[in-house]
There are 4 protein chains.
Amino acid sequence: MFPNIDPQNGIPLFEQVCRQVKFAIADQAYLPGELLPSVREMAQKMAVNPNTVARSYGELQREGIIESVRGTGMQITAEARRICQKERVRLIQERIVSALQEARFSQLTQEEVTKIVEREIQRLWKSK
Amino acid sequence: MFPNIDPQNGIPLFEQVCRQVKFAIADQAYLPGELLPSVREMAQKMAVNPNTVARSYGELQREGIIESVRGTGMQITAEARRICQKERVRLIQERIVSALQEARFSQLTQEEVTKIVEREIQRLWKSK
Amino acid sequence: MFPNIDPQNGIPLFEQVCRQVKFAIADQAYLPGELLPSVREMAQKMAVNPNTVARSYGELQREGIIESVRGTGMQITAEARRICQKERVRLIQERIVSALQEARFSQLTQEEVTKIVEREIQRLWKSK
Amino acid sequence: MFPNIDPQNGIPLFEQVCRQVKFAIADQAYLPGELLPSVREMAQKMAVNPNTVARSYGELQREGIIESVRGTGMQITAEARRICQKERVRLIQERIVSALQEARFSQLTQEEVTKIVEREIQRLWKSK
DNA sequence: GTGGTCTAGACCACC
DNA sequence: GTGGTCTAGACCACG
C-alpha cells in the first residue's frame, strides 16, 4: 500500500511520506475517525526512521488532516478527505506543469512532448 | 536567454544552471569552438552566486561538453551538441515520466491526467 | 463542580486532576473521613481516562492527602485540609509569578502588565 | 541576552527558544534584513542541541518571522517586528490569563489574588 | 501501547 | 561557513 519511498530522488523523505498519506486518504484508504498506523509501524512499512514519520505526521497535523489523540494515535479529521483530494490534484499538477515548462523553455516542440506524454500515459494506465 | 532559475523548486541551483547551458548548446545558441560567458558574467545573467556557476562549469567539463582553455575561458567542445541534444531529451523525459508515475500511483484516472496535460501543453505552446 | 480540565494547555491531565481535587478539599467540599468518588466515577465526572484518575489518586496518596481504605475507597485524611490550603496558594502563586517573570524579562512595561492583570481580574471576579 | 531556557518548566525547549527570539525581535534587538545567529551559535548560547534550535527556526520561518537565505543564514523579514510585537503580548497575556483563571476557579478571593499580583509586580519592576 | 521531545552525530547542497 | 535532512537511540507523559 505504501511503496515508492525513494531516498535518491531529490524530494525529502518526510515529504514523500506526507504525499503518500495524503494520496491514501484522498483515496479513502483511511476514513475520518480512523487511526493512522502508529509512527513506529508506518516507519517500518516505509523503511524509514520513526523520527522521519513523526515529522511527516506533525506536518499533516499542522495542515488539519490528522489530529493527535493523547496516548492513542493520530486520527483522521473530518475535513481530511476534502483537503487531501484538493492536495492530490494540486501536488501532481504542480509537478507535471513544472516538467512541461522546462520542456517548453528548452525548445522542444509541441509534437515531441505530446509524443512522450501520450506514450507514457498509454504505458502507465494500460493495465487498468 | 536564461530565465527560469528558481531557488525554491527543489532542484539544486547548480544543476539548473547546467541544464540551461546544455539546452542552449543543444539549441545551437553556442557553437563548438565558441567560448561560454565568463563565470562572473554568467552569474550576473542568471542572478546566481559565481561559485554556483563555477561548480556548474566544472560539471559540464567533466561531462566533456566544455573544456578549459588556459587564460581564455571555457570552450564548447566538438561533441558538445551531440551530447547535449541527447541529454536534453533524456532529462526532460525523465522528469515527465516521474511526474506521470506519481499520478498513476496516486489513483488519478487517465482522463484526469490527460486533461491536465493537454490543457498545459495548449497553454505553454500557444504562443508559437 | 469539576470543570476546567483542558487537554490542550500543556499541563498534564493527571496534574490538573490533582489540583482540582486539592482545591475542592481546601474548599471543604470534601471533609476529613469522607470518601472520594471512585476512580471510575471521577473519571466520568471529569471526562478523563480512568487510568489518569488512578494516577492522580496515587499522587494524592503519596502526599498524605488521601489514604486507601481496603475494599472501601480513598478516604480524606485528617491533615488533608491543612496541606491542601497551603498547596493551593503555593501552586497558584507559583504560576502567577512565573507568568509575570516572563512578562518582566520580555521588556513589557509595568503599565502594560498592570493593565492586563486588572482587566482580567475585573472580568473573572465580576460575577461575584 | 538569551537567559531563561529551563529544561524543567514543562514548556518544550524549542518553544522557549521561539519565545525568546520573538521577544528579542519585538524589542528590536534584531532588525529586518539582519541575520539571526546561526543554528550552531544560538545552540551554544542557549545551551541546547543544534537540532532543537533548528526546529525553532523552522517554526519561526513558518510563521513568516524569518526566512532562510541559502548558504547564508536566517534573515529577519520585513513583517517580523509587527508579528512579534503582537505575539509578545498574546503569549504573555495568554499565560497570565490562564493562571488567573485557575485562581478564580479555585475559589481564591479577588483580594488574595490582587495582593499576590501587586506584590510581585512591585518586586519584579522595582529595579527599573 | 501511543505520540512528543531531546540529544548526538552524520551527510548534503549551497555560498 | 550556512541551513536542511536523516538516523539512532533515549526518556517522558498519557491511556
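Residue numbers begin at 1 in each chain, while the letters A, B, ... track the order of the sequences.
- A:Gln61 comes within 4.0 angstrom of the backbone, heavy atoms only, and of no base.
- As rounded to whole Å, 11 Å separates atom P of F:dT2 from atom CD of D:Gln44.
- Atom CZ in A:Arg62 sits about 11 Å away from atom P in E:dG4, given to the nearest Å.
- Partners of A:Pro50 by side chain to side chain contact (heavy atoms under 4.5 Å, CB included), not counting sequence neighbours, listed by chain and number: A:Val39, A:Ala43.
- The D:Tyr57 side chain lies nearest to F:dG3 when the options are F:dG3, E:dA8, E:dC6.
- For D:Arg55, whose side chain is taken as the heavy atoms from C-beta onward, the closest listed nucleotide among F:dT7, E:dG3, E:dT5 is E:dT5.
- Closest to the A:Phe14 side chain, of the nucleotides F:dG15, E:dA8, F:dC6, is F:dC6.
- Considering only side-chain atoms of B:Thr52, the nucleotide from E:dT5, F:dT5, E:dC15 that sits closest is E:dC15.
- Distance, A:Met42 CE to E:dT2 P: 13 Å, rounded to whole Å.
- When all heavy atoms of A:Ala26 and A:Gln85 are compared, the closest pair comes out as O-NE2, 3.4 Å.
- The CE-C1' distance, from A:Met74 to E:dG4, rounds to 10 Å in whole Å.
- Nearest to the side chain of D:Arg40, among F:dG4, F:dA13, F:dC6, sits F:dG4.
- Among the heavy atoms of the strands, none lies under 4.0 Å from B:Glu15.
- Here the nucleotide nearest the side chain of C:Leu13, chosen from E:dC6, F:dG15, F:dG3, is F:dG15.
- The minimum heavy-atom distance linking A:Cys84 with A:Ile65 is given by the pair SG-CG2, 3.7 Å.
- Taking only side-chain nitrogens and oxygens, A:Asn49 never comes nearer than 4.0 Å to OP1 or OP2 of F:dC6.
- Side-chain atoms of D:Ser38 lie closest to F:dT2 of the nucleotides E:dC6, E:dG3, F:dT2.
- Taking atom CZ on A:Arg70 and atom C1' on E:dT5, their separation rounds to 14 Å, with Å as the unit.
- When the C1' atom of E:dG1 is taken as reference, atom CG of A:Leu35 falls 12 Å away, rounded to whole Å.
- Side-chain polar atoms of B:Ser98 and A:Arg95 form a donor-acceptor pair below 3.5 angstrom.
- Among the nucleotides F:dA8, E:dC15, E:dG9, the one closest to the side chain of D:Asn51 is E:dG9.
- Rounded to whole angstrom, the span from the CG atom of A:Leu36 across to the P atom of E:dG1 amounts to 19 Å.
- Nucleotide F:dG4 holds its P atom 12 Å from the CD atom of D:Glu67, rounded to whole Å.
- For B:Arg62, the salt bridge (Lys or Arg N to Asp or Glu O under 4.0 Å) test picks out B:Glu59, with sequence neighbours left out.
- For D:Arg88 and D:Phe23, the positive end is not near the middle of the six-membered ring at less than 6.0 Å and at most 45° from its axis.
- Where D:Ala47 and D:Thr72 meet DNA chain E, the nucleotide closest to each residue was compared, and D:Ala47 sits on the side nearer the 5' end.
- Closest to the A:Val48 side chain, of the nucleotides F:dG15, F:dT7, E:dG4, is F:dT7.
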